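Values in this document were obtained by computation on a predicted structure and should not be read as measured data.
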Amino acid sequence: MRTIVVGGGATGASTAARLRRLDDNMEIIILEATNEISIANCGLPYYCSDVINSRQQMIVSSVQRFKDLLNIDVRLSSKVTSIDRKNKTLEINNNETLKYDKLVLALGANPFVPNAKGINHPNIFTVRTLRNGDDIKAVLSKEAKNAVVIGGGFIGVEMAENFVHLGLNTTLVELSNQILAPVDTEVAALAQNEMRDKGVNLILSDGLKEVDGDNIVLNSGKIIPFDIAILAIGVRPEVEISKNCGLEIGKLGGLKVNKYMQTSDKDIYAGGDSVEVIDFVSGKDILIPLAGPANRQGRIIADNIKGKKSIYKKTQGTAVVKVFDLTVANVGNNEKQLIKQGRNYLKTFIIKPSHASYYPNATPTVYKLLFTKKGEILGAQACGYEGVEKRIDVIATIMRNNGSIYDMLDSELCYAPPYSSAKDPVNMLGMHAENIINGYVKPGFYEDVKDSLLIDIREIGTFSDSINGAINIPNSQLRDRLDEIPKDKKVLLFCNTGFQSYVSSRILLQKGYKNIYSLAGGLELYKHIEKNINSLKELIPA
């Protein structure tokens, strides 16, 4: 039996390796269109800046290793130009025909390159292959001073950071009103503040219009000089040969597969960035190009080729990115997606230290949780300095096992002062969500500030700043000053991070007030959001 795998990236390599472990007699061939096999694509931004300073470290495996260890025939520079499903053959480089019994399409996705004037400038690159990395490094070695990154997704943010690491004057341009689309604006605000603080010239709500010589011209008319530019606008599934041979393509432009990763042809399987998957939260088709799911799909494909009936169980979109000193992580859906779906949801924020606050060097982390009145977890986001991805991974695991906010509350997690608190932030998020569901607290948010009576409940002498227009009624005086709090107006209580205002809101709700809200995330989150908004205002001409 001969299985041909088209594509030597995460899905293709994983499929081939798993197949060999399951069947030592099968003939396995990998056809890779480039001259690279199984490279660490996700490490490319760090390779470009020499944070990863060895080219060899970027090569996960090699043709020789596949041959010696796994007896797999890897053929580089072998582009599949057509597939004949009836005769179960495919053509390579328009001059060689191979027959297959089972075929695996693992072609990935191609970086999107806009059809703009001057876009073929020799110093404008995408970041997909090791060859791309080598070419970028070659330009950087020629005393480049100005770098422009078009696109604020994971790759764009990582490339901008690594250009700054090299000392380049770096501009990042994003067409949307925020970077890092998987998270919401409040969490993105922290990352945007960090990028600006570290020296990135961040331009939002603007995009590439054309390239004029050594200048990037934006839709707004802004002109940005560059010595090197990166296109990180996004990717599109590679489905050309799949479409040409009549395989079913989904509504989003990706290859359609079933839960066994089979295409519309039972003898052709597919996985990775070129296929549409089912979103874990919405249950709808989605394109999520992530390395973890791609590797997992490769293993599942191999199992099914061998008749094991493994199932791919939807994609959660769990992801993490380094933004200079910050870490941003997420799982599930964000507010934008839930609103688009017309889904009812609740939300909250908490700010908690990375470990016990009394142990030295604890750092704050902002958490956002999206959930339903029944306690279903819809999504979570976090931004901080330590333990960020750890907590999101815990929530992702609870979600994967169909757990709820009550399972977050009940999770028994590691605790010692250098690592966490007796009540881990995951537990605290669950508790806060439960309080909201039970009506023990009404969360207020940044958008509620403008139409609420604001009460700062911190003790006099413990703070030096507040929100404009707020009155101060310290928590300790609250019971004696009830006559100052109206019952016919929305009242928003706040403190530094939201805990004291929660306690105060409990007092007032039990005194018969129905209009009392506690500012989730407190003044700390409010200031992060305000700092980001004020930075945006500075970019708008008067």
Side-chain angles (χ1 to χ4, degrees), residues 184 186-187 329-333 335 344-359 362-384 386-417 419-445 448 457 475 492-510 516-526:
D184 287 311
E186 306 94 345
V187 176
N330 68 279
V331 63
N333 284 185
E335 271 198 84
N344 292 324
Y345 65 92
L346 300 169
K347 66 177 178 178
T348 192
F349 297 88
I350 64 170
I351 299 180
K352 292 296 172 184
S354 54
H355 54 250
S357 57
Y358 57 83
Y359 187 86
T363 56
T365 302
V366 173
Y367 297 92
K368 180 175 185 177
L369 184 67
L370 299 161
F371 56 102
T372 70
K373 288 183 178 180
K374 293 180 179 180
E376 300 164 296
I377 305 167
L378 301 176
Q381 304 161 33
C383 183
E386 294 179 86
V388 176
E389 73 290 349
K390 166 187 171 182
R391 273 68 187 222
I392 292 297
D393 280 342
V394 170
I395 297 171
T397 303
I398 293 170
M399 289 179 68
R400 173 60 68 182
N401 289 286
N402 296 314
S404 68
I405 62 104
Y406 302 104
D407 295 291
M408 292 173 60
L409 193 158
D410 290 333
S411 292
E412 187 175 328
L413 304 174
C414 290
Y415 163 59
Y419 302 103
S420 185
S421 301
K423 290 187 285 190
D424 188 87
V426 172
N427 303 134
M428 295 299 292
L429 265 175
M431 293 174 189
H432 205 230
E434 182 190 42
N435 283 338
I436 293 169
I437 290 171
N438 290 337
Y440 294 157
V441 66
K442 294 180 179 181
F445 307 103
D448 296 312
I457 58 83
N475 190 299
L492 184 61
L493 311 180
F494 67 91
C495 59
N496 284 329
T497 61
F499 177 71
Q500 291 181 53
S501 60
Y502 157 61
V503 174
S504 295
S505 74
R506 288 300 305 141
I507 295 170
L508 294 174
L509 288 171
Q510 292 179 81
I516 301 299
Y517 295 78
S518 172
L519 183 60
L523 188 61
E524 290 302 309
L525 179 57
Y526 176 86

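Here R400 pairs with Q316 under the side chain to side chain donor-acceptor pair (under 3.5 Å) rule; sequence neighbours left out.
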Could you go through L525 and I351, starting from their C-alpha distance and side-chain angles, then the distance that decides it, and tell me whether this counts as side chain to side chain contact (heavy atoms under 4.5 Å, CB included)?
CA-CA 8 Å; L525 179 57; I351 299 180; 4.2 Å; yes
Solution key, residues 433-444 side-chain donor-acceptor pairs under 3.5 Å, sequence neighbours excluded:
unit_1: N435; atom_1: ND2; unit_2: Y502; atom_2: OH; d: 3.2
unit_1: N438; atom_1: ND2; unit_2: E434; atom_2: O; d: 3.4
unit_1: K442; atom_1: NZ; unit_2: K514; atom_2: O; d: 2.4

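Residues M408 and L369 are in side-chain contact: their nearest non-hydrogen atoms beyond the backbone lie under 4.5 Å apart. Inter-residue side-chain proximity for C495 and S518 is flagged as unmet; no heavy-atom pair is nearer than 4.5 Å. Here the side chains of I377 and D407 are not in contact, with every heavy-atom distance at 4.5 Å or above. With a 4.5 Å cut-off on side-chain heavy atoms, F445 and E186 do not count as touching. The side-chain heavy atoms of V426 and K390, taken from C-beta on, include no pair separated by under 4.5 Å. Within the 4.5 Å cutoff, the side chain of I350 has no heavy atoms near those of the T497 side chain. The shortest distance between side-chain heavy atoms of V187 and N330 does not fall below 4.5 Å.
The CG atom of L493 sits 11.5 Å away from atom CD of Q500, with the distance rounded to the nearest 0.5 Å. One distance of note links CG of N344 with OG1 of T372; it measures 9.5 Å at 0.5 Å rounding. Atoms CD and OG, on Q510 and S505 in that order, are 9.5 Å from each other to the nearest 0.5 Å. For the atom pair L519 CG and Y526 OH, the distance stands at 9.0 Å (nearest 0.5 Å). In this structure, L429 CG and F371 CZ are separated by 9.0 Å, a value rounded to the nearest 0.5 Å. Atom-to-atom distance recorded for F499:CZ and K352:NZ is 7.0 Å, nearest 0.5 angstrom.
Between N427 and S411, the shortest heavy-atom contact is ND2-O, 2.9 Å. Heavy-atom minimum distance, S404 versus G375: CB-O, 3.2 Å. Listed here is the closest heavy atom pair of T348 and A520: OG1-CB, 4.1 Å. Between T365 and G384, the closest heavy-atom pair is OG1-CA, 4.0 Å. Contact record, Y367 with A382: CD2-CB, 3.6 Å, taken as the closest heavy-atom pair.
The 12-atom threshold is not exceeded at OH of Y419, counting heavy atoms of other residues, nucleotides or ligands nearer than 6.0 Å.
Between the side chain of H355 and the main chain of A362, a donor-acceptor pair closer than 3.5 Å is present. Checking side-chain atoms of D184 against main-chain N and O of E335 turns up a donor-acceptor pair under 3.5 Å. Between the side chain of S354 and the backbone N or O of T363 there is at least one donor-acceptor pair closer than 3.5 Å.
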